2 protein chains.
Amino acid sequence: MNRVYEALAHPTRRQIIALLRRRERSAGELAEHFDIAKPTLSGHLRLLREAGLIYGERHGTSIVYHLHLSLLEEALGALLEMFRIGSERSVDDD
Amino acid sequence: MNRVYEALAHPTRRQIIALLRRRERSAGELAEHFDIAKPTLSGHLRLLREAGLIYGERHGTSIVYHLHLSLLEEALGALLEMFRIGSERSVDDD
DNA sequence: TTCCTAGTTAGCTAACTACCAAATTAATAT
DNA sequence: ATATTAATTTGGTAGTTAGCTAACTAGGAA
């Protein structure tokens, strides 16, 4: 879970997620949206992959990345739950 | 906004938020929950303060921290919006 | 004033992160 | 087998973060 929060901590990675939210894209397509070197982007993709937020499928020479939407929803749900937004505060506990 | 995500990236800071979600606490009370040196905790509090997620009020010698719930909700709302969970993907755009 | 408690700031080290260039792997085509 | 294209891994540097101890500041009490 911690990895998810860490993954979200970088603007580039949040934008990658936003882009994949619209549709799947190859690493090269994603690269066109950023002014950073390929290895740097590849590193961000690896981090997002390790956090379980995306996964890649090789199609010929290129690798197409997809968003693991279910996991993202789960993460956000956990976030909401953690802060218990909308629920009452308990009075008696530590 | 970026500061909010960065603030959420550390487990200790998320736990501080969770604790303050239940009720306000002084820095010292918070410290009891963690096995870290006071200055380290103070640093986390400063970071959360700079992200706008908490604020402190001095009461005598101690400083009582409160959660800025509205800002946290706003941040989570932005997160949901960013990923547009529940909405349709557009077909025509980049 | 002096002392005590609560917190923060300063200064430092160790560990980590972001980044790039160069080398490497993988798939396909010639 | 060789070449081409796409992407990742490796190796290195610069900057950042988390943690500590020691020193400092703020408020209240003796």
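Here is how names work: the chains are called A, B, and so on, in the same order as the sequence lines, proteins then strands, and each is numbered from 1. For clarity, every value in this text was computed on a predicted model and none was experimentally measured.
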Could you report the tightest heavy-atom contact between A:A51 and A:V4, atom names first, then the distance? O-CG2, 3.8 Å
Mind checking B:Y65 for me? I need base, sugar-phosphate or nothing, with any heavy atom below 4.0 Å counting as a touch. sugar-phosphate
With the side chain defined as heavy atoms from C-beta on, A:T61 is closest, among D:dT8, C:dA27, C:dA18, to C:dA27
B:L47 side chain: which of D:dG19, D:dA18, D:dA6 is closest? D:dA18
Using the six-membered ring wherever Trp is involved, compare the ring planes of A:H66 and A:Y55 and label them parallel, tilted or perpendicular (cut-offs 30° and 60°). parallel
Among the nucleotides D:dC20, C:dA18, C:dC20, which one has an atom lying closest to any side-chain atom of A:P39? C:dC20
Which of C:dC20, D:dT21, C:dT8 is nearest the side chain of A:A37? It is C:dC20
If you check every side-chain atom of A:R49, which of D:dA18, C:dA18, D:dT8 has the closest atom? D:dT8
Proximity to the side chain of B:R46 - top-ranked nucleotide from C:dC19, D:dA7, C:dT9: C:dT9
Does a side-chain N or O from A:T40 land closer than 4.0 Å to OP1 or OP2 of C:dA18, or not? no
Nucleotide of D:dG19, C:dA18, D:dA26 approaching A:R13 most closely (side-chain heavy atoms): C:dA18
Determine the contact category for B:S26: base if any of its heavy atoms lies under 4.0 Å from a base atom, sugar-phosphate if only primed atoms, P, OP1 or OP2 are that close, otherwise nothing. sugar-phosphate
